[in-house]
Amino acid sequence: MSSYFTGLAQQYIDGEWRPGTGSWDIIDVNPYDDEKLASITIATADEVDQAYRAAARAQKKWAATNPYARRAVMEKALRLVEEREQEITEVIIAELGGTHLKAAFELHLVKEFLRESVHLTLRPEGKILPSPGEGKENRVYRVPVGVVGVISPFNFPFLLSIKSVAPALALGNAVVLKPHQDTPIAGGTLVAKIFEDAGLPGGLLNIVVTDIAEISDAFLEHPVPRVISFTGSDQIGRHVATVCAANFKRSVLELGGNSAIVVLDDADLDYAVDAAVFSRYVHQGQVCMAANRVLMDRSVAEEFTEKFVAKVKSLKVGDPRDPQTVIGPVINSAQASVVSGAVEQAMAEGATALVRGTTAGNLVSPSVLTDVPADSALLRQEVFGPVAFLIPFDGEEEAVRIVNDTPYGLSGAVHTADIERGVAFAKQIDTGMFHVNDGTVHDEPLVPFGGEKHSGIGRLNGETTVDAFTTVKWISVQHGRSGFPF
């Protein structure tokens with residue numbers, strides 16, 4: 001096992017590695033074989049307070065640091081990720097059951113976002129705006145918000161921690177990060193180790209491995225953080241947004257999805273099958289952008305279905321350490337039960353199983369279902385696992401209605417020989433992101449990433465990241481003398 005699991009099973013607060021003082025331990029296990037990877041005594045609400053106070057103390061000096069010096073830290077962090085790719089791959093495979101393909105996909109994106117963070121250090125720009133007042137100068141400064149609280153999920157923990165942590169630091173903020181309990185290393189202390197070794201001053205990044213059963217809403221309600229960046233389910237996201245609003249904090253919420261990939265009557269079917277299978281089954285379907293629903297024009301449905309089923313049946317299920325494995329385990333037994341239950345529910349409602357997956361431990365093999373009743377709740381919710389619903393439609397108008405018939409609006413895709421037809425289709429979908437002739441699972445450093453409806457609030461990446469983790473401050477200068485009415 002990677003040495004990353006030795007010494008990283010601790011809290012990281014104010015530049016120090018130390019055990020938590022909570023009354024119980026989080027046991028970090030390999031979801032494939034249940035091997036114990038680490039045991040971490042949880043952080044208490046007092047330690048959350050210590051982390052935030054340390055961040056607040058360190059942040060002012062960091063914000064005043066020359067941005068070129070901040071850039072050097074980001075550059076070093078990127079080099080360390082590149083140098084440690086093998087070890088990080090081992091962590092992703094062991095801790096979250098990611099396959100080699102998934103680990104490579106996640107690491108590629110991590111490096112892209114770190115490269116963008118290098119540039120973000122120099123991105124904020126001020127403005128001088130005209131004034132109707134004689135002799136008056138209006139300066140608008142772009143400044144860090146101060147301290148950012150980050151809560152990351154279990155599915156892409158390294159990426160989705162880095163995606164908020166690195167830009168927030170680059171822009172002059174300090175960060176307190178709470179990783180998911182199932183991925184405390186990949187999503188938490190591994191990030192701290194990289195930035196510590198990159199020369200980030202102590203106190204600027206703090207990791208608290210804990211649970212709401214121990215700290216309740218202390219992470220959200222604490223007076224220090226001005227922004228909370230949360231990635232997770234819409235149910236918890238609703239609570240995060242409510243608590244933040246009550247405490248006058250800004251929240252950036254990247255929540256669940258129920259994306260669809262749509263195959264129009266003129267699509268390249270072989271290519272559409274490849275895109276759809278990847279979009280549904282990458283990382284066992286545990287991706288917010290995954291294509292839960294696969295819509296096919298009825299004129300091509302039979303041929304598409306045949307090819308889709310054949311490709312799904314070819315996917316190798318098993319040990320994620322095997323480079324040939326495409327489908328590894330889901331994150332834990334509770335998630336395995338939820339996914340299996342969704343298949344059973346669909347079957348009870350009258351669905352037809354073209355491929356009926358089985359569950360062995362946390363290994364859930366792919367299912368392909370059709371004839372799911374149009375009024376089934378399953379078609380409107382997120383199924384976080386390797387289950388695809390195939391849905392035929394008659395014409396684009398019906399396809400648009402079906403795609404939009406969900407409380408979510410994160411991603412999606414459409415396949416067609418006519419690019420502008422695809423763009424016209426995409427414009428009708430109530431979603432934050434949509435792709436023409438591609439898959440549904442994409443993230444890039446410069447594009448605004450985020451969803452509509454229950455899929456979240458706010459955007460990240462590029463200029464939207466600057467907006468998320470900075471604020472503007474107006475300072476006026478009167479070079480002459482103002483006149484006052486009394």
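Judged as a side chain to side chain contact (heavy atoms under 4.5 Å, CB included), and not counting sequence neighbours, the contacts of P223 are R53. For H442, the ring-ring contact (aromatic ring centres under 6.0 Å, His included) partners two or more places apart in sequence, or in a different chain, are H435. Here R226 pairs with nothing under the salt bridge (Lys or Arg N to Asp or Glu O under 4.0 Å) rule; sequence neighbours left out. In this view, E83 satisfies the salt bridge (Lys or Arg N to Asp or Glu O under 4.0 Å) rule with no residue, not counting sequence neighbours.
Legend: ring pair (Phe, Tyr, Trp, His ring centres under 6.0 Å) pairs involving residues 159-189, not counting sequence neighbours, sorted by first then second residue: F154-H180. Sorted pairs that involve residues 243-256 and meet side chain to side chain donor-acceptor pair (under 3.5 Å), not counting sequence neighbours, are lacking altogether.
Defined by atom type and a distance below 3.5 Å, a donor-acceptor pair is missing between the side-chain atoms of N362 and N332. At a cut-off of 3.5 Å, with distance as the only test, a side-chain donor of S152 or S161 sits close to an acceptor on the other residue. Looking only at atom types and distance, the side chain of T41 has a donor-acceptor partner in the side chain of D25 under 3.5 Å away. For T470 and R142, the side-chain atoms include at least one donor-acceptor pair closer than 3.5 Å. For E47 and T21, the side-chain atoms include at least one donor-acceptor pair closer than 3.5 Å.
One N or O on the side chain of S131 and one on the backbone of G133 form a donor-acceptor pair closer than 3.5 Å. Panel note: side chain Q181, backbone D211; no donor-acceptor pair is recorded below 3.5 Å. Here the side chain of T65 pairs a donor or acceptor atom with the backbone of K61 at under 3.5 angstrom.
In this structure, K102 forms a cation-pi arrangement with F156, its terminal cationic atom sitting closer than 6.0 Å to the ring centre and no more than 45° off the ring axis.
Taking the charged nitrogens against the carboxylate oxygens, E82 and R115 do have a contact shorter than 4.0 Å, which makes a salt bridge. Using a 4.0 Å cut-off between a side-chain N of Lys or Arg and a carboxylate O of Asp or Glu, D443 and K163 qualify as a salt bridge.
The minimum heavy-atom distance between E95 and I331, with the atom names listed, is O-CD1, 4.1 Å. Taking both residues in full, the closest heavy atoms of A55 and N206 are given as CB-ND2, 3.8 Å, listed atom of the first, atom of the second, then distance.
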